[in-house]
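Since the structure comes first, as structure tokens, the remarks are kept for the end.
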Amino acid sequence: MRDDLTAALLTWYDGHARDLPWRVPPGSGRRPDPYRVWLSEIMLQQTTVAAVRAYFLRFTEIWPTVTDLAAAEDTEVMGAWAGLGYYARARNLLKCARVVASEHGGRFPDTEAGLLTLPGIGPYTAAAIAAIAFDRPAVVVDGNVERVMARLRRIETPLPAAKAPIRAAMAELTPDRRPGDYAQAVMDLGATICTPKSPGCMLCPWRDACAARLAGVAETLPVKAPKKAKPTRRGLLYLARRGDTWLLEQRPDEGLLGGMLAFPTSDWSEAPTPAPPALADWYELGEVRHTFTHFHLILTVLAADRPGPPSRGAFAPLDPSTLPTVFRKAHALMTKRHGTGD
DNA sequence: CAACCGTGGAG
DNA sequence: TCTCCAAGGTT
């Protein structure tokens with residue numbers, strides 16, 4: 001029974017696997033490059049395939065091996081990651097590459113436990129790399145697996161309490177042969193058929209076994225805790241230029257947008273809008289709105305075309321593509337006003 | 001364990 | 001416009 005389910009899914013995967021730049025075709029017997037598997041898994045954490053694809057191609061073009069990446073400058077890597085979000089991933093990516101290069105001879109550990117010791121690699125990613133790159137029968141549980149298993153076994157316990165039975169359900173179905181293809185098959189099923197909303201149950205290779213579908217409750221699973229409302233924070237952003245250079249600073253490694261290139265800002269708080277200080281040379285350019293994971297942000301943008309010596313940051317040429325999105329929006333305000341702006 | 005940490009696309 | 005959410009990890 002278990003074997004039948006697993007076999008049916010692998011057969012489905014052989015015909016329906018998505019063609020992704022970090023994959024090898026299913027059942028080819030070849031193993032993908034662990035570096036590419038690792039890089040893709042880090043990028044895919046809480047991030048869509050559509051967003052990752054271009055970043056993955058660019059990273060592997062610039063840094064074809066983990067040794068190349070380990071030798072890169074921090075600012076190059078952070079700039080290349082800009083726009084993808086969750087910037088701690090990029091900082092840990094570099095830490096991890098350097099550990100692999102210097103302490104493991106440029107080769108990734110080939111076990112789940114070994115992978116788990118590396119920066120930025122948690123339980124999901126360790127299992128995924130072990131299964132996909134090294135053919136280990138690791139139990140891979142991500143958001144797709146949670147949804148698929150919650151439905152297949154009709155697990156109605158709310159997350160995160162449901163994690164234990166979900167993991168047990170996945171473990172029971174994980175095969176000794178083709179574990180990497182199996183893990184990717186469940187994820188592809190979750191991404192293309194067993195979707196959060198309007199699942200395509202009629203196309204599902206597990207439709208006749210799915211307890212949730214048979215009970216007519218597939219779309220309601222998994223049950224999740226309600227989300228909290230996002231507060232709104234406000235602050236000031238200082239947009240200063242001298243000719244072709246812009247006033248920039250690097251944000252501290254800890255916290256929001258850590259380690260990224262940035263325009264100087266005030267602190268952001270939920271208090272009423274701070275009165276823009278009446279500074280000579282500065283004028284109010286406009287407003288930038290942006291939403292982060294857990295709060296909304298409204299920044300009043302103060303601009304200066306040729307300000308005096310800055311109290312923080314330094315003037316430097318700018319490639320706006322190396323900025324996090326909120327700062328790219330501020331930069332766009334200026335270029336909209338002045339034409340091309342750079 | 002719950003909070004923190006980005007972004008853009010879909011509905 | 002607004003809510004949801006996507007291959008999670010760290011603290």
Side-chain angles (χ1 to χ4, degrees), chain A residues 17-18 20-23 32 36-56 78 81-93 95-96 115-133 138-148 159-161 163-164 167 170 180 182-192 194-199 219 222 224-233 251-260 262 268 289-297 321 323-329:
Chain A
R18 287 176 292 173
L20 303 172
W22 46 88
R23 274 190 180 167
R36 294 165 65 87
V37 173
W38 163 72
L39 180 62
S40 68
E41 290 300 341
I42 301 299
M43 287 183 166
L44 286 162
Q45 289 169 3
Q46 297 292 286
T47 308
T48 57
V49 166
V52 164
R53 196 184 293 264
Y55 283 84
F56 177 85
M78 300 309 286
W81 194 277
L84 198 54
Y86 284 143
Y87 298 102
R89 292 184 296 172
R91 300 194 299 276
N92 286 329
L93 188 82
K95 283 185 197 167
C96 183
L115 290 159
L116 202 47
T117 67
L118 294 169
I121 298 185
Y124 161 73
T125 306
I129 297 172
I132 297 168
V139 180
V140 179
V141 181
D142 74 328
N144 287 304
V145 174
E146 288 180 350
R147 185 170 58 257
V148 170
L159 288 168
K163 282 178 179 294
R167 181 185 170 78
M170 184 63 176
Y182 172 74
Q184 293 177 96
V186 181
M187 293 191 278
D188 274 25
L189 187 69
T192 63
C194 195
T195 49
K197 285 170 280 190
S198 306
E219 194 165 0
K224 295 185 175 180
K227 300 193 164 64
K228 294 181 179 176
K230 296 183 203 296
T232 297
R233 298 182 188 171
R251 292 176 64 89
D253 275 348
E254 309 293 313
L256 191 73
L257 310 178
M260 298 300 290
W268 307 340
R289 289 167 181 267
H290 191 73
T291 298
F292 293 103
T293 307
H294 56 293
F295 64 93
H296 302 289
L297 178 64
S321 76
L323 292 171
T325 300
V326 63
F327 298 120
R328 211 177 297 176
K329 287 182 182 175

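The chains referred to below are lettered A, B, ... by the order of the sequence lines, with proteins before strands, and numbering in each begins at 1.
When heavy atoms are screened at a 4.0 angstrom cut-off, A/Ser198 is found touching no nucleic acid atom at all. Within 4.0 Å (heavy atoms only), A/Leu257 reaches sugar-phosphate atoms of the nucleic acid but no base atom. In this structure, A/Trp22 reaches the bases: a heavy-atom distance under 4.0 Å links it to at least one base atom across the strands shown. Using a 4.0 Å heavy-atom cutoff across all strands shown, A/Leu116 reaches no nucleic acid atom at all. Within the nucleic acid shown, A/Pro119 comes within 4.0 Å of sugar-phosphate atoms alone, with no base atom in reach, counting heavy atoms only. Base engagement by A/Arg23 is indicated by at least one non-hydrogen atom pair under 4.0 Å involving a base atom.
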Might you list the N or O atoms of the protein lying below 3.5 Å from N or O atoms in nucleotides 8-11 of chain B, with each pair's distance?
none

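Remark: P of B/dC4 and OH of A/Tyr87 are 19 Å apart, rounded to the nearest angstrom. Computed from coordinates, the A/Leu256 CG to B/dC4 P distance equals 11 Å when rounded to whole Å. Regarding A/Arg91, its CZ atom lies at a distance of 13 Å from the C1' atom of C/dT11, rounded to whole Å. Rounded to whole Å, atom P of B/dC4 lies 20 Å from atom CG of A/Asp253. Going from atom CH2 of A/Trp81 over to atom C1' of C/dG9 covers 12 Å, rounded to whole Å. One atom, OH of A/Tyr55, and another, P of B/dT7, lie 9 Å apart when rounded to the nearest Å. Between A/Met78 atom CE and B/dG6 atom P there is a gap of 9 Å when expressed in whole angstrom units. In this structure, the OH atom of A/Tyr86 is 9 Å from the C1' atom of B/dT7, given to the nearest Å.
Under the side-chain contact (heavy atoms from CB on, under 4.5 Å) criterion, A/Thr48 pairs with A/Ala50, A/Ala51, not counting sequence neighbours. Applying the side-chain contact (heavy atoms from CB on, under 4.5 Å) criterion to A/Tyr124, with sequence neighbours excluded, gives A/Glu41, A/Ala128, A/Val140, A/Asp142, A/Met187. A/Arg23 pairs by the salt bridge (Lys or Arg N to Asp or Glu O under 4.0 Å) definition with A/Asp188, not counting sequence neighbours. Under the side chain to side chain donor-acceptor pair (under 3.5 Å) criterion, A/Thr291 pairs with A/His296, sequence neighbours left out. A/Ser198 pairs by the side chain to side chain donor-acceptor pair (under 3.5 Å) definition with nothing, not counting sequence neighbours.
When the side-chain nitrogen and oxygen atoms of A/Arg147 are compared with OP1 and OP2 of C/dA6, one or more of them lie within a distance under 4.0 Å. OP1 or OP2 of C/dC5 lies within a sub-4.0 Å distance of a side-chain N or O belonging to A/Lys227. A close approach under 4.0 Å does occur between a side-chain nitrogen or oxygen of A/Gln46 and OP1 or OP2 of C/dG8.
Nearest nucleotide to the side chain of A/Asn92, out of C/dA6, B/dC5, C/dT10: C/dT10. Distance from the side chain of A/Phe292 is smallest for B/dT7 among the nucleotides B/dC4, C/dG8, B/dT7. Of all nucleotides listed (C/dG8, B/dT7, C/dC5), C/dG8 comes nearest to the side chain of A/Tyr124.
Within the 3.5 Å criterion, the main-chain N or O of A/Ala82 finds a donor-acceptor partner in the side chain of A/Tyr55. Judged purely by atom type and a 3.5 angstrom limit, A/Arg36 has no side-chain atom pairing as donor or acceptor with the backbone of A/Trp22.
A ring-centre distance under 6.0 Å is found for A/Phe292 and A/His290.
Straight-line distance between the P atoms of B/dG8 and C/dG9: roughly 22 Å, to the nearest whole Å.
The 5' end of DNA chain C is approached more closely, in terms of each residue's nearest nucleotide, by A/Pro196 than by the other of A/Ile121 and A/Pro196.
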